[in-house]
Amino acid sequence: MDSLMRYISRIHRSGNVYRERLVNIGLSGFQHVYILEVCHHPGISQEQLARHICVNKSSVTRQLSALEQAGFITRSPSPDDKRVLQVFPTQKAESAYPQVRALMAEWNRRLLEDFTEEERNSLMSMLERAMGKAIQIIEEEDGGKGGS
């Protein structure tokens with residue numbers, strides 16, 4: 001039996017290539033998740049963002065710097081704790097958000113178009129369980145620090 005990670009990695013890398021279509025709005029294939037999260041959770045802290053998307057804090061900082069320079073987000077200290085940086089979408093991010101969501105919906109539709117509805121539901125349920133287990137393992141091993 002082939003490795004689960006082999007399949008997941010190839011699907012992920014193929015998705016990265018598919019998301020290169022976002023270059024026309026100034027985003028790389030990896031930045032879509034930041035736009036989705038920041039637009040869905042305006043004011044999210046960088047640390048919360050790292051946990052939400054399961055990426056280490058230094059990677060989040062680098063991507064947010066690039067997105068800030070490109071005009072997609074702003075960062076400002078939290079009024080409650082000046083050490084915490086909150087991330088907010090700009091109008092540019094809000095305008096890109098529907099395009100990112102549409103591209104992701106199209107990717108999902110095309111990826112699963114040969115599956116029956118029952119197969120899609122079953123696959124999504126199993127992947128959700130596997131994702132939950134992966135997050136649980138990481139949180140247990142790093143004390144919930146978000147992989148940093």
Side-chain angles (χ1 to χ4, degrees), residues 1-75 84-148:
M1 180 171 146
D2 280 328
S3 163
L4 171 66
M5 288 311 302
R6 176 176 176 246
Y7 296 125
I8 290 172
S9 292
R10 286 199 178 168
I11 292 168
H12 177 71
R13 287 192 306 271
S14 297
N16 289 342
V17 171
Y18 192 81
R19 287 188 302 274
E20 287 176 3
R21 291 163 171 79
L22 295 172
V23 73
N24 66 343
I25 59 172
L27 294 171
S28 74
F30 298 107
Q31 294 171 329
H32 77 288
V33 71
Y34 294 88
I35 297 299
L36 294 174
E37 286 293 324
V38 171
C39 287
H40 191 110
H41 304 285
I44 190 170
S45 73
Q46 287 188 192
E47 188 170 325
Q48 290 170 321
L49 183 58
R51 280 196 308 270
H52 277 216
I53 63 175
C54 300
V55 175
N56 68 47
K57 292 177 197 174
S58 62
S59 293
V60 168
T61 300
R62 276 192 305 277
Q63 289 299 327
L64 290 179
S65 291
L67 288 168
E68 192 169 35
Q69 287 180 343
F72 284 100
I73 60 111
T74 60
R75 294 182 283 183
V84 174
L85 280 178
Q86 292 180 295
V87 185
F88 296 92
T90 62
Q91 182 57 47
K92 187 174 181 179
E94 294 287 351
S95 296
Y97 182 70
Q99 295 172 63
V100 173
R101 284 184 49 102
L103 184 74
M104 296 312 301
E106 178 67 10
W107 173 246
N108 288 338
R109 185 196 65 72
R110 292 185 69 190
L111 195 60
L112 300 174
E113 67 189 358
D114 294 335
F115 290 71
T116 67
E117 185 174 351
E118 183 179 330
E119 289 171 330
R120 283 191 300 270
N121 291 338
S122 181
L123 176 62
M124 296 306 284
S125 176
M126 288 186 277
L127 287 172
E128 185 176 9
R129 284 175 44 207
M131 179 186 69
K133 185 64 174 179
I135 291 169
Q136 177 187 351
I137 291 167
I138 295 303
E139 286 177 349
E140 287 171 356
E141 291 189 5
D142 76 1
K145 296 178 201 165
S148 51

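Starting from 1, each residue takes its place in the sequence as its number. These numbers come from the heavy atoms of this one structure, side chains and all, not from hydrogens, waters or symmetry mates. Every value quoted in this text rests on a predicted model; they were computed, and no experiment measured them.
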Is there a side-chain contact between [X] and [Y], using heavy atoms and a 4.5 Å cut-off?
{"X": "Glu20", "Y": "Val23", "result": "no"}
{"X": "Gln136", "Y": "Glu140", "result": "yes"}
{"X": "Trp107", "Y": "Ser14", "result": "yes"}
{"X": "Leu22", "Y": "His32", "result": "yes"}
{"X": "Val38", "Y": "Leu67", "result": "no"}
{"X": "Leu111", "Y": "Tyr18", "result": "no"}

What's the shortest heavy-atom distance between [X] and [Y], and which atoms?
{"X": "Glu119", "Y": "Asp114", "answer": "OE1-O, 4.3 Å"}
{"X": "Gly43", "Y": "Gln86", "answer": "O-NE2, 3.2 Å"}
{"X": "Ile25", "Y": "Lys92", "answer": "O-CE, 4.5 Å"}
{"X": "Cys54", "Y": "Ile135", "answer": "SG-CG1, 3.9 Å"}
{"X": "Ser45", "Y": "Val84", "answer": "CB-CG1, 3.6 Å"}
{"X": "Cys39", "Y": "Ala93", "answer": "SG-O, 3.7 Å"}

Nearest 0.5 Å, please: how far is [atom2] in [Y] from [atom1] in [X]?
{"X": "Thr74", "Y": "Leu85", "atom1": "OG1", "atom2": "CG", "value": "10.5 Å"}
{"X": "Thr61", "Y": "Arg75", "atom1": "OG1", "atom2": "CZ", "value": "6.5 Å"}
{"X": "Ile73", "Y": "Phe88", "atom1": "CD1", "atom2": "CZ", "value": "10.5 Å"}
{"X": "Arg19", "Y": "Gln31", "atom1": "CZ", "atom2": "CD", "value": "11.0 Å"}

message: Side chains of Ser59 and Arg62 only: does a donor on one sit below 3.5 Å from an acceptor on the other?
response: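 Present: a donor and an acceptor within the cut-off.
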task: If a pair satisfies ring pair (Phe, Tyr, Trp, His ring centres under 6.0 Å) and one of its residues is in residues 112-140, list it, with sequence neighbours excluded.
output: none
message: Under the ring pair (Phe, Tyr, Trp, His ring centres under 6.0 Å) definition, can you give me all pairs with a residue in residues 33-55, not counting sequence neighbours?
response: His41-His52
message: Walk me through whether Asn16 and Arg13 qualify under side-chain hydrogen bond (donor to acceptor under 3.5 Å, both in side chains).
response: CA-CA 5 Å; Asn16 289 342; Arg13 287 192 306 271; over 6 Å; no
query: Donor-acceptor pair, Ser95 side chain versus Gln91 backbone, under 3.5 Å?
result: yes
message: If the threshold is 4.0 Å, N to carboxylate O, is there a salt bridge linking Arg109 and Glu106?
response: yes
message: Are there over 12 heavy-atom neighbours, none belonging to Arg120, within less than 6.0 Å of that residue's CZ?
response: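 Atom CZ in Arg120 is packed in, count exceeds 12.
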